K.L.:
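Below is one structure. I have some questions about it.
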Protein chains: 2
Amino acid sequence: MNLKELADSLNLSPTTVSRALNGYPEVREETRARVLAAAKAANYAPNSRARRLATGRAMTIGHVIPLTGRAEMVNPIFADFLIGAGEVYAREGYDLLLSMVTDGDTEGAFRQLAANGSVDGVMVQAPVADDPRIALLKELDLPFLVHGRTGDPTGYSWLDIANIRAFRRATDFLLDLGHRRIALLNGQEAFDFAQRRRRGFEEALAARGLAPLPHLMADDAMTESFGYLTASAMLDGPEPPTAFLASSVIIAIGIRRAASERGLRLGRDLSVICHDDELSYLNNDVGGPAFTATRSSIRAAGRRCAEILIELIRHPERPPIQELWDTDLTVGQSTGPCPTR
Amino acid sequence: MNLKELADSLNLSPTTVSRALNGYPEVREETRARVLAAAKAANYAPNSRARRLATGRAMTIGHVIPLTGRAEMVNPIFADFLIGAGEVYAREGYDLLLSMVTDGDTEGAFRQLAANGSVDGVMVQAPVADDPRIALLKELDLPFLVHGRTGDPTGYSWLDIANIRAFRRATDFLLDLGHRRIALLNGQEAFDFAQRRRRGFEEALAARGLAPLPHLMADDAMTESFGYLTASAMLDGPEPPTAFLASSVIIAIGIRRAASERGLRLGRDLSVICHDDELSYLNNDVGGPAFTATRSSIRAAGRRCAEILIELIRHPERPPIQELWDTDLTVGQSTGPCPTR
DNA sequence: TTGAAAGCGGTACCAC
DNA sequence: GTGGTACCGCTTTCAA
């Protein structure tokens, strides 16, 4: 059943039926009611391919996930972000096109999407300090929103969480407990977010006149084994840390394993707190609470990002939208003591 | 730049240009070369919306992810499956449409996709014993492939891993080590896969004349807290288990936490092995190896499922394709001893 | 308030 | 080999 057939069955023109279905005001209410009833009875839905061609809009938003590192979208963070964004897309009538790029040819993927017009806009995630995607997307004139920021966060739209502030507070929390040898297990510092986190960490130390200890700082892809191996080495080395600050719950789990193997009890012998936790899926009780982003806040970020992107698509001439989010701070709700070792 | 403009600039008809671009044989090679060169120079790419309308194919495959349980797609398994499938889709020129359904209205989502023709086929995951989606998709005449099986696995295409066999072997492995009180922490047994896993577990016990111990069997959404709470209760209860068989690495992590809190060392005081592990992301060293699906095997399953689905889309009249996969068995490569307690 | 008709940008059949 | 042309199914002027 297509529009023409539906129209014929009603002795109306396709024009009128289309107008009735799309809520145009110039249709007599009685006619609209008839059309709506018939459409429902016939289980009619407009052909999206035809509609997209006619309107010139794809009604689709692209998420391009680079699979260079092994931990990219597998990261539960990505999944939750997708869920949040997907919710909004569905509500607003947009489809979500997920494009996985293995060979690192993100640029080619964007060019493709822009050239054949299969999306109206794209979401950009995990930007590096000077991310080439931004210049490219501007050149392609494809609406986009960055989740995160680059080193120069001007001239484009983004939503980011206040990473510096979050890590400063987390570090303060550990310092207040009396810790002096705090290890930072960070995400890859090629990414902007990791750079900011480190800055927050160092600022908190500096505020108390402390210098960061190089042997207690590491960054890498946020995997369990990174946490495990690095924590093992640090705990076995000279001047072991009495507390860990992890950039992700996955890393914290690795730390937990290293601690467990050495007979160290979290919350008694060692403090571990982490960012990007997810309270229900991987329980955050790792000897201290997650201190910032939780699963629901990641989802909320996804929702808000989607809303902004849709706004940008609908109003292409709009000036950039930039939002800095302060994340939920659950520090202080520790389930147990976190003493100095 | 569209086809007509490109054709004009070459003094050719759109027909010829289209044929040249799409590799039709009746084009003179010299002409084809000219067209290809011009297309590349002009950075021309055919408008996908127009092409989709003209061909009647969406060149898109839908994955509908129900978000009823909190652990659905957040499960890393889903992500890896998506990655594998996405690889194949990209190679074959298909887009991946990801549709998240929150209110449990999966049926509505499928009807929608079918009615407006935005996908050529859909992937079905995590079927329950008598899954209503299968009848629905048949009725809608939408090509689909089920990852998993229902109770009656006839009349439709599916790819499943040999869950019964896998769990029988895993249980045998623990029995061979001398364990007699083995706990099964399973996924929700409403899902077909969990029922099969349990059957494998019970078959292995029965083969040695052992009866399953009801107080050592539990099933639920595969979360860390399920593993933690259940293992805690079992370990503190009468006749505690000496080994755990977990349906997912996430559950195993929870078990590990419970064990750690009680001062139990894995591989010494307690054995824990799990299915659906992922060797690099969340390290599987939980006092015993993962015994079946690894991250790469999940990805491979995604790839194969995509291939089959595309085959079904291209040949709608094809009889059902059904594949049973035996998973990688890494049991026996334990990193440490797994004695009876 | 309704309808006729011209696109949207390709594909594919049929002539030449 | 190449070109003319009728679709694909809907939206959107423009007229009535």
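Here the structure is a predicted model, which is why all the values come from computation and not from measurement. Chain A is the first sequence line, chain B the second, and so forth, proteins listed ahead of strands; every chain is numbered from 1.
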K.L.:
Check the distance between dT13(D)'s P and Y24(A)'s OH and give it to me in whole angstrom.
P.N.:
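My rounded result for the distance is 8 Å.
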K.L.:
Measure from CD on E26(B) to C1' on dC14(C) and round the result to the nearest Å.
P.N.:
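In whole Å, dC14(C) C1' lies 12 Å from E26(B) CD.
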K.L.:
Can you list the residues that meet the ring-ring contact (aromatic ring centres under 6.0 Å, His included) rule with F110(A), with sequence neighbours excluded?
P.N.:
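F110(A) satisfies ring-ring contact (aromatic ring centres under 6.0 Å, His included) with no residue once adjacent residues are dropped.
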K.L.:
How many whole angstroms separate atom CZ of R52(A) from atom C1' of dC10(D)?
P.N.:
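Checked: the CZ to C1' distance equals 13 Å.
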K.L.:
Under a plain distance cut-off of 3.5 Å, with no hydrogens placed, do S13(B) and T16(B) share a side-chain donor-acceptor pair?
P.N.:
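Indeed, the side chains of T16(B) and S13(B) share at least one donor-acceptor pair under 3.5 Å.
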K.L.:
Which pairs with one or both residues in residues 140-152 of chain B pass salt bridge (Lys or Arg N to Asp or Glu O under 4.0 Å), sequence neighbours excluded?
P.N.:
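Found R149(B)-D160(B).
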K.L.:
Find the distance M59(B):CE to dG10(C):P and express it as a whole number of Å.
P.N.:
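Between P of dG10(C) and CE of M59(B): 16 Å.
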K.L.:
Would you mind listing every salt bridge (Lys or Arg N to Asp or Glu O under 4.0 Å) that reaches into residues 46-61 of chain A, with sequence neighbours excluded?
P.N.:
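Every pair satisfying salt bridge (Lys or Arg N to Asp or Glu O under 4.0 Å) with a residue in residues 46-61 of chain A: R52(A)-D95(A).
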K.L.:
Once you round it to whole Å, what is the distance between C1' of dA12(C) and CG of N22(B)?
P.N.:
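The answer, rounded to whole Å, is 11 Å.
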K.L.:
At less than 4.0 Å, is any side-chain N or O atom of S18(A) found next to OP1 or OP2 of dC10(D)? Yes or no.
P.N.:
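S18(A) to dC10(D) OP1/OP2: no side-chain N or O under 4.0 Å.
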K.L.:
For every nucleotide of nucleotides 3-9 of chain C, 5' to 3': is a protein heavy atom under 4.0 Å from its base (B), only from its sugar-phosphate (S), or from neither (-)?
P.N.:
BBB-BBB
K.L.:
Quantified as the angle between the terminal helix axes (five pairs each), what is the overall bend of the helix from dT1(C)-dA16(D) to dC16(C)-dG1(D) to 10 degrees?
P.N.:
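The helix from dT1(C)-dA16(D) to dC16(C)-dG1(D) shows an end-to-end axis angle of 40°.
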K.L.:
Going by the rule side chain to side chain donor-acceptor pair (under 3.5 Å), which residues pair with S9(A) if we only count those two or more places apart in sequence or in a different chain?
P.N.:
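Counting only residues at least two positions away or on another chain, S9(A) forms no side chain to side chain donor-acceptor pair (under 3.5 Å).
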K.L.:
State the CG-CE distance between L97(B) and M59(B), to the nearest 0.5 angstrom.
P.N.:
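One finds 14.0 Å between CG of L97(B) and CE of M59(B).
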K.L.:
Can you check whether T31(A) has a side-chain N or O nearer than 4.0 Å to OP1 or OP2 of dT2(C)?
P.N.:
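For T31(A), the contact criterion (side-chain N or O under 4.0 Å from OP1 or OP2 of dT2(C)) is met.
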